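Within every chain, numbering begins at 1; the chains are lettered A, B, ... in the order of the sequence lines, protein sequences first and strands thereafter. Quantities reported herein were computed from a predicted structural model and do not represent experimental measurements.
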2 protein chains.
Amino acid sequence: MVRKNSHDHLADQSLPKLGVTPYLELMDKTASSSTDRHSAHLGLLLMWLGDNVLDVMDLELAPFNITESKFDLLLLLTLHDGRELITPSAIAERLGIRRASVTALLDWLEKRNWIAREQSSLDRRMIHVSITPEGRELVEGVLPTFWSACSSLVSELEPEERRVLEKLLLRLNAAIERRLGVGR
Amino acid sequence: MVRKNSHDHLADQSLPKLGVTPYLELMDKTASSSTDRHSAHLGLLLMWLGDNVLDVMDLELAPFNITESKFDLLLLLTLHDGRELITPSAIAERLGIRRASVTALLDWLEKRNWIAREQSSLDRRMIHVSITPEGRELVEGVLPTFWSACSSLVSELEPEERRVLEKLLLRLNAAIERRLGVGR
DNA sequence: CCATATAGTTAGATAATCTAATTATAGAGG
DNA sequence: CCTCTATAATTAGATTATCTAACTATATGG
């Protein structure tokens, strides 16, 4: 959600950076007694980081005129390509959104000729969604940037630190996916 | 972005969960030679986790009929309250969005009487934005849930692991904020 | 063969963003 | 003191990503 575009003049006025301290003071006054302060502090940090991470990714993909969500869908189609019949319903279930929302995404991608819809001959209520050669070409063009953007997120850390972080994030993510009922 | 609401029947058809392996295979084929595979893998995981973390937070705040973005703004006003003059321009700069977008957010919050606008007497082009007693009341009502939601994100980990994670996330976040030119 | 369930779409809404244009005010230079 | 330009905020109009509810077409079980 955070984005800063160049032109359009910004205010001279600017708010001083508070850092995390005022948040922690507020937490002391307002958190339930059953809430662990250290955990909440870490969770807050994780949320801020999550926000920033998604901003970086959208910023990196912006030059390709595609958002992370749409690219994610094309990647899904790429990875399942040829393996199973992909329907809008299945996509909706996987992405955790409504079928109507998938229709909108597919309309957008189809208009650019990156995906194709084909009526299933077995059950004519169903639509088979597939990525087109042009879609595959786009994905191929974007992927090197995508991977380097992923990698740049953690370039700050030493190899050993990355191994430690990976173990921790895997566990956190598994727990959260269980909670949300999603998963890739 | 991922949300699953109850009613509305979902497809029987469902895509098998692929896990991370096909992503890594694809990475081997499509990443630039200068991209470190382990880093990219970790970054991918960080992005997925970021997405899930934001979903959890919005899900936890949903019962209060406020989104994370709007709550974030109210929190900003709370923390700066009385300290400095807060203008729409300053908010736009801090949140990394345009002034026009801030106008829309403020309209929404003002309609609910959670913030107030007052023309500055020093420079009558400027608006002083402040949180109202009702706004403060809302924030107080939401904060216990907010902190417990933060804390729940990392409840999976042991205290020692949390300390390790905190050190790593602080460094990652500092680097990313520098890159995006944002910060709290 | 009909009732009901399912797949997908359409219509219409909301949220969060954007750009470009507009209005009002401030301030600087002649 | 007047005018020009810069700045603050808003408005108008657009896009993206979501939602719910209603609709259409098809399948299937009794």
Output the rounded distance in Å from CG (A:Asp123) to C1' (C:dG8).
11 Å
From CE of B:Met126 across to P of D:dA9 the rounded distance in Å is 7 Å
Look at the side chain of A:Ser151 and the backbone N and O of A:Trp147, then say whether any donor-acceptor pair between them is shorter than 3.5 Å.
no
Tell me whether the OP1 or OP2 atom of C:dC18 has a side-chain N or O from B:Ser101 closer than 4.0 Å.
yes
Under 4.0 Å between a side-chain nitrogen and a carboxylate oxygen: does that hold for B:Glu160 and B:Arg163?
yes
Within the pair B:Thr67 and C:dA16, is there a side-chain N or O less than 4.0 Å away from OP1 or OP2?
yes
Atom CD1 of B:Ile97 and atom P of C:dA15: how far apart are they, to the nearest Å?
15 Å
Whole Å only: how far is the CG atom of B:Leu95 from the P atom of C:dT17?
8 Å
Can a donor-acceptor pair be found between the side chains of B:Ser34 and B:Ser32 at a distance below 3.5 Å?
yes
For a quick check, tell me whether the side chain of A:Arg124 and the base of D:dT26 share a donor-acceptor pair closer than 3.5 Å.
no
For B:Ser69 and C:dA15, is the shortest distance between a side-chain N/O and OP1 or OP2 below 4.0 Å?
no
When you measure from the side chain of B:Arg99 to the backbone N and O of B:Pro88, does any donor-acceptor pair fall under 3.5 Å?
no
Atom pair distance, as rounded to whole Å: CD1 in A:Ile86 and C1' in C:dG8:
16 Å
Closer to the 5' end of DNA chain D via nearest nucleotide, is it A:Lys70 or A:Ser120?
A:Lys70
With a 4.0 Å cutoff (strictly under), does any side-chain N or O of A:Thr87 reach OP1 or OP2 of C:dA7?
no
Rounded to whole angstrom units, what separation is found between the CD1 atom of A:Ile115 and the C1' atom of C:dG8?
13 Å
Lys/Arg-Asp/Glu bridge criterion (N-O < 4.0 Å) met for B:Arg94, B:Asp72
no
Looking only at atom types and distance, does a side-chain atom of A:Arg171 sit under 3.5 Å from a main-chain N or O of A:Lys167, one as donor and one as acceptor?
no
Take the protein atom CG of A:Leu122 and the nucleotide atom P of C:dG8, then report the distance between them rounded to whole Å.
13 Å
Take the angle between the ring planes of B:Phe146 and B:Phe71 and call it parallel below 30°, perpendicular above 60°, tilted in between.
tilted
Protein-nucleotides 10-14 of chain D N/O pairs under 3.5 Å:
from, atom 1, to, atom 2, distance (Å)
D:dT10, OP1, B:Arg117, NE, 2.9
D:dT10, OP1, B:Arg117, NH2, 3.4
D:dT10, OP2, B:Thr103, OG1, 2.9

Grab the CZ-P distance between A:Arg98 and C:dT14 for me, whole Å please.
17 Å
